[in-house]
Amino acid sequence: MSWFILFLAGLFEIGWAVGLKYTEGFTRPVPTVLTAASMIVSVGLLGLALKSLPVGSAYAVWTGIGTVGTALLGIWLFGEAATAMRLACIALIVCGIAGLKLAA
């Protein structure tokens, strides 16, 4: 169950990272409130997951999920570059996340 909670925390991290773009420097109220709420939920869920997961592995997985999801959404939503090197590096992060999960 802790790994599922950590996965959800990672999804909310993606939400607030992408949400930052939509706040336009915190000048748009609705995206700002949604982004702040995503931050709170993400960190709260991370805290719950840390009750039974090793902090180093859990934090790395949490940030890895956020990194991969944010990078992929940046490509999809904002037209950021999808070069072979960038996609290969994202794949390496996914391998690292899987490795940490298996090692925990």
Side-chain angles (χ1 to χ4, degrees):
M1 188 62 162
S2 294
W3 285 105
F4 178 70
I5 291 170
L6 183 62
F7 177 72
L8 288 177
L11 293 180
F12 277 96
E13 185 185 5
I14 296 166
W16 71 256
V18 172
L20 285 172
K21 181 79 168 173
Y22 290 105
T23 69
E24 294 180 13
F26 302 105
T27 60
R28 298 180 62 210
V30 173
T32 297
V33 168
L34 292 174
T35 298
S38 289
M39 289 176 176
I40 292 166
V41 172
S42 180
V43 172
L45 289 171
L46 174 62
L48 288 175
L50 287 175
K51 290 171 99 175
S52 62
L53 296 176
V55 68
S57 296
Y59 183 77
V61 169
W62 179 65
T63 58
I65 291 169
T67 300
V68 169
T70 303
L72 292 175
L73 283 176
I75 291 167
W76 184 51
L77 295 174
F78 306 120
E80 296 174 3
T83 64
M85 178 62 96
R86 189 165 187 205
L87 294 175
C89 290
I90 291 170
L92 287 171
I93 295 169
V94 172
C95 289
I97 292 168
L100 286 169
K101 165 66 171 96
L102 293 172

Leu20 versus Met39, closest heavy-atom pair with distance: CD2-CE, 4.0 Å
Gly66 to Thr70 - nearest heavy-atom pair and separation: O-OG1, 2.6 Å
Any side-chain heavy-atom pair of Phe12 and Leu46 under 4.5 Å: no
Shortest non-hydrogen contact between Ile5 and Leu45, atoms and distance: CG2-O, 3.3 Å
Short side-chain donor-acceptor distance under 3.5 Å, Thr35 and Thr23: no
Chi angles and distances behind the side chain to side chain contact (heavy atoms under 4.5 Å, CB included) call for Arg86, Ile75: CA-CA 10 Å; Arg86 189 165 187 205; Ile75 291 167; 4.0 Å; yes
Leu8 with Val55, same ILVMFWY side-chain cluster at under 4.5 Å: yes
Nearest heavy atoms of Ala60 and Leu100, plus distance in Å: CB-CD1, 3.3 Å
Co-membership, hydrophobic cluster, residues Met1 and Phe7, 4.5 Å side-chain: yes
Members sharing Leu34's hydrophobic cluster (side chains within less than 4.5 Å): Val30
Hydrophobic cluster membership, Phe4 vs Val41, 4.5 Å side-chain cutoff: yes
Heavy-atom pair of closest approach, residues Leu53 and Ala58: CB-CB, 4.1 Å
Side chain to side chain contact (heavy atoms under 4.5 Å, CB included) partners for Tyr22, two or more places apart: Val18, Arg28, Pro31, Leu77, Phe78
Distance, nearest 0.5 Å, that separates CG of Leu50 from CG of Leu6: 7.5 Å
Pairwise distance CD1(Ile97) to CH2(Trp62) - rounded to 0.5 angstrom: 13.0 Å
Remaining members of hydrophobic cluster (4.5 Å side-chain criterion), Ile40: none
Shared hydrophobic cluster, Val33 / Phe26 (ILVMFWY, side-chain heavy atoms < 4.5 Å): no
Same apolar cluster: Ile14 and Trp76, side chain cutoff 4.5 Å: yes
Minimum-distance pair of heavy atoms, taken over all atoms of Ser2 and Ala49: O-CB, 3.7 Å
